[in-house]
Amino acid sequence: MRLIDMHCDTLTHLIKKPEQDLGDTGCSVSLAGMKKAGTMAQFFACFTYFKDYKEAGGYEDCYRQALRMIACMESQLSLFPEDIAPGRSYEEIMENQSAGKISAILTVEEGGILNDRPERLNILYEKGVRLMTLLWNYENCLGYPNSNDAKTMEKGLKRFGIEIVERMGEMGMIADVSHASDGTFYDILRYAKGPVVASHSNCRALCGSPRNLDDDMIRALAEKGGVCGLNFYGPFLGTKGESRIEEMTEHLLHMIRVGGREFPAIGTDFDGIDGMEHMDIPHVSEMDRLWDALKKKGIPESQAELIWSGNVLRALADI
């Protein structure tokens, strides 16, 4: 089994702890753990928390922080050239796989770092970014985020957001709807000229968080050829303070029922998960526990392989 995880926040920790490296991060994702899990590719998010910069340089500082995180990833890869390498295209990922290397795919989480400057999208692409989560939990220059406020959830992409989503598809960058408002979600599907995914979201029918997708959204994303990465965060699974395998399997089964067998994937949110008193799978090295749970639920190996990597590979092949 080959694993592709569409979202982790490990870089957020590595950039704060220069004494640590990817070989043994002390985090949920490490090189040793990925090897044990049979990881084929790991998406590494360059996440910037706007609140930390709001009183200083705002999104300008967020952008600079994202560039530092990209540089951090480049530095990490240079330490382990025989084990992990950039994954900037489907072909490169397959070449890495043949060479026995894990592919590291760079993403940006919080499209506000563009700050109304479209040229930054080109810069990020040139530096290897292949997916952008357009929103986090704040309104930005692109559009509106998920919210408990119904009026905010109705709002969609701004004019600049529409321009950026169209350009992302043209240049070969995946648009990610995780964290988006419902209105933004549908606008992204409407204007995207390339693959669209929900890198780390779950099912609203099973857990009512606005961060999750309702069944109409699942169907719409699936019809677009998109995929959804299962998020391990307890409040998005159904139990505050706990991340349970049983709930993970139920969300995956629901994704299959509503979106079809080519819809579900993995997007753990490892190292971005806080406040968990218990996690059934606290580390990437223990991903086989979910695999075994899926088999016990009667999911055939061919379907499990699609969840593990096949569905994401299809999306990557489309860019």
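- Considering all non-hydrogen atoms of both residues, Met69 and Ala45 come closest at CE-O, 4.0 Å.
- Annotation for Leu31 and Gly23: closest pair CB-CA, 3.9 Å, computed over non-hydrogen atoms.
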Under 3.5 Å, which donor-acceptor pairs do the side chains of residues 156-166 form with other protein atoms, sequence neighbours left out?
{"unit_1": "Lys158", "atom_1": "NZ", "unit_2": "Glu139", "atom_2": "OE2", "d": "2.7"}
{"unit_1": "Lys158", "atom_1": "NZ", "unit_2": "Asn140", "atom_2": "O", "d": "2.9"}

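- No side-chain heavy atom of Arg64 sits less than 4.5 Å from a side-chain heavy atom of Ile113.
- Annotation for Ile105: hydrophobic cluster partners, listed by chain and number, are Ile4, Met6, Met40, Phe43, Tyr90, Ile93, Met94, Leu131, Ile174, Val197, Val227, Val312, Leu313, Leu316, Ile319 (ILVMFWY side-chain heavy atoms under 4.5 Å, direct or chained).
- Taking Asp216 as the reference, Arg219 meet the salt bridge (charged side-chain N to carboxylate O under 4.0 Å, His left out) condition, with sequence neighbours excluded.
- Residues passing the salt bridge (charged side-chain N to carboxylate O under 4.0 Å, His left out) test with Glu92 are Arg88, sequence neighbours excluded.
- Applying the side-chain hydrogen bond (donor to acceptor under 3.5 Å, both in side chains) test to pairs two or more places apart or on separate chains, those with a residue in residues 70-86 are Lys35-Asp83.
- The two residues Ala220 and Leu189 have their closest heavy-atom pair at CB-CD1, 3.7 Å.
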Would you list the atom pairs, donor with acceptor, under 3.5 Å between side chains in residues 262-273 and any protein atom, with sequence neighbours excluded?
{"unit_1": "Thr268", "atom_1": "OG1", "unit_2": "Asp5", "atom_2": "OD1", "d": "3.4"}
{"unit_1": "Thr268", "atom_1": "OG1", "unit_2": "Asp5", "atom_2": "OD2", "d": "2.6"}
{"unit_1": "Thr268", "atom_1": "OG1", "unit_2": "His7", "atom_2": "O", "d": "3.3"}
{"unit_1": "Thr268", "atom_1": "OG1", "unit_2": "Phe270", "atom_2": "N", "d": "3.1"}
{"unit_1": "Asp269", "atom_1": "OD2", "unit_2": "Asn231", "atom_2": "ND2", "d": "3.4"}
{"unit_1": "Asp271", "atom_1": "OD1", "unit_2": "Ser28", "atom_2": "N", "d": "2.7"}
{"unit_1": "Asp271", "atom_1": "OD2", "unit_2": "Thr10", "atom_2": "OG1", "d": "2.7"}
{"unit_1": "Asp271", "atom_1": "OD2", "unit_2": "Ser28", "atom_2": "N", "d": "3.4"}
{"unit_1": "Asp271", "atom_1": "OD2", "unit_2": "Val29", "atom_2": "N", "d": "3.2"}

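- Shown here for Cys46 and Leu11, the closest heavy-atom pair between the two residues is SG-CD1, 4.0 Å.
- Scored by the salt bridge (charged side-chain N to carboxylate O under 4.0 Å, His left out) test, Arg211 finds no partners at all (sequence neighbours excluded).
- Listed for the Asp9 side chain is no donor-acceptor partner under 3.5 Å among the backbone atoms of Thr12.
- For Asp24, the CG atom counts as loosely surrounded, since its 6.0 Å shell holds 12 or fewer non-hydrogen atoms of other residues, nucleotides or ligands.
- Tyr59 and Glu110 share a side-chain donor-acceptor pair at under 3.5 Å.
- Side chains of His179 and His200 form a contact here, defined as non-hydrogen atoms less than 4.5 Å apart.
- For Gln20 (side chain) and Thr25 (main-chain N/O), a donor-acceptor pair under 3.5 Å exists by modelled atom type.
- The environment of CD in Glu277 is sparse: at most 12 heavy-atom neighbours from other residues, nucleotides or ligands sit within 6.0 Å.
- Atom CD1 of Ile70 and atom CD1 of Ile123 lie 10.0 Å apart (nearest 0.5 Å).
- Checked against Cys207 for a side chain to side chain contact (heavy atoms under 4.5 Å, CB included), the options Thr239, Asn212, Asn202, Leu237 give a single hit: Asn212.
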Distance-only donor-acceptor pairs under 3.5 Å for side chains of residues 290-301, two or more places apart:
{"unit_1": "Lys297", "atom_1": "NZ", "unit_2": "Glu246", "atom_2": "OE2", "d": "2.9"}
{"unit_1": "Lys297", "atom_1": "NZ", "unit_2": "Glu250", "atom_2": "OE2", "d": "3.2"}

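- Contacts of His251 classified as ring-ring contact (aromatic ring centres under 6.0 Å, His included), with partners at least two apart in sequence or in another chain: none.
- The list of side-chain hydrogen bond (donor to acceptor under 3.5 Å, both in side chains) pairs with a residue in residues 307-319, not counting sequence neighbours, is empty.
- No donor-acceptor pair under 3.5 Å is formed between the side chain of Ser201 and the backbone N or O of Leu213.
- Closest approach of Leu79 to Asp21, counting heavy atoms only: CD1-CB, 3.9 Å.
- Environment of NZ in Lys224: crowded, with over 12 heavy atoms of neighbouring residues, nucleotides or ligands closer than 6.0 Å.
- Using a 4.5 Å heavy-atom threshold, the side chains of Thr184 and Pro145 count as separate.
- Nearest heavy atom pair, residue Pro235 against residue Lys240, reads CG-CA, 4.3 Å.
- Applying the salt bridge (charged side-chain N to carboxylate O under 4.0 Å, His left out) criterion to Arg261, with sequence neighbours excluded, gives no partner residue.
- With sequence neighbours excluded, the residues satisfying ring-ring contact (aromatic ring centres under 6.0 Å, His included) with Phe236 are Tyr233.
- Taking 4.5 Å as the limit, some side-chain heavy atom of Met171 sits within range of a side-chain heavy atom of Leu121.
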